[in-house]
Amino acid sequence: MKNALQQPARVAVPVGRRLIPRPVVRVARLEPWLFVLPALAFVGVTFGYPLVDLVRTSFTTTGGAAGLKNFRDLLADPSFRLAIEHNGILLLAVPVLTVLAVALAIFLFEGIRFWRVYRTLVFLPVTISIPVVGGVWGLMLEFNGGLNTILRSLRLDGLAKDWLGSTHLALWSVLGVIVWSQLGFGVVLFLARLLSISPELFEAARIDGAGWWRLHRHVTLPQLRGIIQFYVLLGTITMLSWVFSYVYVITSGGPADATLVSELYIYRSAFVYNQIGIASAAALILLAAVVVFVFLFFRLTGREETE
Amino acid sequence: MSENGSDGRLIDALAGELGGSLTRRALLRGASGVALAGMLGARTALAAPKRRSAGDLVVWYLAAGANPEGDKRAFEQSMRAFERAKGAKVKGVAQTLDGFIPAWKAAVKAGQGPDLQYLWEGIFTLEDAWQGNLEPYDTHLAAQETRHWLGTASVRWNGHLWNSPRNLDSLVLLVNKKLLRQAKIDPSTPLQTWAQFLRVCKKLKSAGIGPLGFGLKDGFGGGWLFSAWARAHVDNVADYMRAVVGDADITSERYSEWWFRLAELRDKGYFNNDIGSLPLFHAVNSLFGRGRAAMVPAAASAIRPLLRQVGVGNVRVVSVWPTFGDGKLAKRNITIFSGGMVLPAFSKQKQLAAEFAAFLHRPDQLRNQYQLTTDLPADDRVSAGLIREAWQLQIYQQIKTNPGPWLEDWIPTQMDSEANFSGCQGLFAGQSAADQVKRTRDVLEKWRRQSPELRKAYRKWIGDARRVYRT
Amino acid sequence: MSVLRPTGWIGTATGLLKQAVFVFLGLTVLFPFYYMIANALKTQDDYYVDPLGLPDHATARSFVALFRDSPLGTWYLNSVVLTGASVVLATAVAALAAFSFARYRFRGGTVLYRLLISLMVVPPIVLVLPLFVLAVRLGMINTRTGAIVVYVGILLPFSIFLLTSFFRTIPSELIDAARIDGASSLGILVRVVAPLSAPALVTLAIVNALFVWNDLLIALILLQDNGLHTLQIGVSQFRSRYSFDVPLMMAGLALASWPAIVAYLLGQRYFTRGLLAGATKG
């Protein structure tokens, strides 16, 4: 038991082969593949043909073969660069979400009254369909909408901004709504992890005289590290390619492309502008960037582990 | 494996905790339930409807207009009537607003899908025609039939007709007469010239009444303002299209003055201050409906609820927009048919499909459609006597006798979205009119570079455009 | 964990502060539900007059219209069948693959795993055109089978990611012991790993079910038959180009949302436990 207490939590998010426990008993060489096979079949059907098709169409236009024209057009298009930039800004939601979720999880964990009720409430936004989220927040954030009405009645007129109509604020408003609706998943995730930490760990630290801050800094956070890494990778991928619905229902990419993101760019090229080739090229670039990112992520978190 | 010590203990604790609720028996029960559900799923999957036989006509339609549910019923009833008349089976597939374009593009790519497809008018239809996805109507139907169809100017290309219109629409300006009276303005004061328009706006504003109400958040409003005012100086659509394709200078005053006039309205504070954060229909309905704006742009098909709120007697429908130019188009109504049926090139049943499109235009079907939707059917065989409301009759007469282009239908979709939608949003977020002129130029340059094939076909369209809205 | 709580007046003050934070959060969370229900009970005109307030004259008009004019039963059934089948299949297939990734070292395994995770980034929007073509060629268009296969494919990258992370935390001793007892690998997965992971599997099932239940895009493209439409598609049919019946839409969304919310509330017990277990050591 003593041993377990001193042992820092091991990160189980994949961190390279070193840490994968080795099976003691030898198994047939093909066996791991047999287990992966059904998944490969489904993924192959769903992604295989579309990805091949994506590569193919990214080198064509409506007029036929186009070589690298789509890629050149894409890189020369300020809208595409803008879209990528906006995805980059939305990535800031990941640290915000993580910090907030960890903080709220710790609050709940410390045992405040009604914590079960709050835990349920905090997760509920995840179950609300995005059109409702967009409808509600769209109304609340109107220039004369709910939020500004409240602010003005508190004599805070200076704070009553045009949240969705201003080209400087709209993206931040969208980011705020995404944080609001995704926060619950993180809180529940981290809280669950905290509940599974052995109480002795905290008591031992307490006896050693650790204060609130040091306690969480040296006991809680290390214990959360693995799950935080999982959450960060998931959040990053979400901000890069699962924000379409939010943007579509909250701002449709406006005002003046201030909330244009790469998915919306792809959607418009394919279904509004009749430029399938450009849409495919954009999707391909996005995918390649993320593959590189995922490999780098594992490399970095893995290296951290060896220190 | 010492490093797993803590894990093991935790899992043990966990298993102990779960012991009460999750015994092996419970798990087994759960697993068999899961298996049962899986089998059920597979069974229903197998029992899913068989694919159609060769003789069926498949119609992918969008129930649209003022009353989508009524329109859906009208479509279904026409299909049943056609089945009785022709002995053919017709299968209707209801689409959704956000989904029908992706579904249609997918069908095109697969070379399989509907025999008759719902599609927007104008450029939306023609961009498909240019890519060889459509079959024109005139090869299947006689001119005696198609000449009755109204609003088809925007779907004629290369001498052919590419879409069968369903219902007519018109962009009008609604005026709240009560608010005008409050501001001591004669409610029937002429609203034709820009000076008249500005005078009314000014009086309203100084009486503390919001002159104009609108919303740009979802972008579409930018296309409406463009359609209302970008045509001020041109005599025909082809004139404007030449600037799009690059034969004339889009930045010259002739084509770009509307941005500066819009900036003038903005600077004088005539629009609502939340124009940037309101979606189009929400803005029009709430601002006009609650009397917060004296004038709003509106689509004819969406007027009725506003009349109900403000009172029919209190609303004046301006069906020719006030404007600053003296181009011939400036004095015309802004007319479209809002969506119709196209013939997919891959269909094996083009003739039958075309006949169904014509069947939808039979007077009895049109009458039924009107009664279920109150949208104006796009056909001159509808008796004007059917229309009971004065305001709707007024719009219908304008559409028939003084039709003009809804200019948005005549420009590349990319220009509409990136120059008009974004431009109006940018303008009302504080950017200058000159910025928007530059934005328009840049977007068009990009479009010409990125889509040389579309540009070529578009250039050809200018020839057709010379022949429309002449008298 | 009361041992962590500060005591004395500092404790009271921070306790109050925390309560305030959570009450505020709770209110913003409940507001969308209020919004959905309140507006479903308004007329269109009332909605425009006051979109945020309570209905002046509550009317069940929208709900009546939905029940009268729409094949709600068919929509519910289709949504349930699609969600149930996709989730069951995805969970089972992901468990197999995750077991392999978590418990074996094999050539190419790591690279394959990372590539699979990367697929999470492919936006469904770029998949729909080619998927339709493929479904047509395979004769799976307008079949539930086709849609289920695609859903499973889309759910797998995330599912494998989550389960692999979890399976790695199961102590090797348990597995080794089972192996020495002569259990096959499949036997170990079914009898040792799955029972220990039951909560994690429930967690995954809920998250995946929410995705399929709320999906519009895939169902729309692959299930064109009126008889195959899901709740989300059915509800979206009430939007048209120049008008938008918000109360009707909200009533439809309310009818479409309650099963997901009820499922969450009922499954929450297992769900949080699943997260609890799933989070063990990451």
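Throughout, a chain's letter reflects where its sequence line sits, starting with A, and its residues are numbered from 1. Because the structure is a prediction, the values reported are computed rather than measured.
Between the NZ atom in B:K109 and the CG atom in A:D53 there is a gap of 3.5 Å [rounded to 0.5 Å]. Atom OG of B:S277 sits about 11.5 Å away from atom CG of A:L169, to the nearest 0.5 Å.
Residues A:I276 and B:K105 form no side-chain contact, since every pair of their non-hydrogen atoms from C-beta on lies 4.5 Å or further apart. Residues A:E142 and B:P279 form a side-chain contact, since some pair of their non-hydrogen atoms from C-beta on lies under 4.5 Å apart. Residues A:N274 and B:W130 have side chains not in contact (no heavy-atom distance under 4.5 Å, counting atoms from C-beta outward).
Across all non-hydrogen atoms, the minimal contact from B:Q450 to A:D77 is NE2-OD2, 3.7 Å. Scanning all heavy atoms of the two residues, the minimum distance from B:I101 to A:F271 falls at CG2-O, 3.4 Å. Heavy atoms only, all atoms of each residue included: A:Y273 and B:L454 are closest at O-CD1, 4.0 Å. Counting all heavy atoms, side chain and backbone alike, B:A429 lies closest to A:T167 at CB-CG2, 4.0 Å.
Put simply, of B:G276, B:G132, B:G219, the one with the most heavy-atom pairs under 4.5 Å next to chain A is B:G276. Counting heavy-atom pairs closer than 4.5 Å to chain B, the top residue among A:G254, A:P255, A:A170 is A:P255. Chosen from B:L278, B:L216, B:D274, the residue pairing most often with chain A at heavy-atom distances under 4.5 Å is B:D274. Note: A:D73 leads A:L164, A:D73, A:I278 in heavy-atom pairs under 4.5 Å with chain B.
Within the 4.5 angstrom heavy-atom criterion, only side-chain atoms of A:Q275, from C-beta onward, approach chain B. If you measure heavy-atom distances from B:K217 to chain A, the contacts under 4.5 Å come from both the backbone and the side chain. Using a 4.5 Å cut-off between heavy atoms, A:I250 touches chain B through its backbone atoms (N, CA, C, O) alone. Only the side chain of A:T57 comes within less than 4.5 Å of a heavy atom in chain B; its backbone stays farther off. For A:T61, the part sitting under 4.5 Å from any heavy atom of chain B is the side chain, from C-beta outward, and nothing else. With a 4.5 angstrom heavy-atom cutoff, A:D162 touches chain B only via side-chain atoms. For a residue to count as touching a neighbouring chain, one of its non-hydrogen atoms must lie under 4.5 Å from one of that chain's; by this rule A:R72 does not touch chain B.
By a heavy-atom distance cut of under 4.5 Å, B:T413, B:Q414, B:S417, B:E418, B:S422, B:Q425, B:G426 are the residues of residues 412-426 of chain B near chain A, going up by number.
In the displayed structure, A:H168 atom NE2 is contacted under 6.0 Å by at most 12 heavy atoms of other residues, nucleotides or ligands. Other residues, nucleotides and ligands contribute more than 12 heavy atoms inside 6.0 Å of the NZ atom of B:K446.
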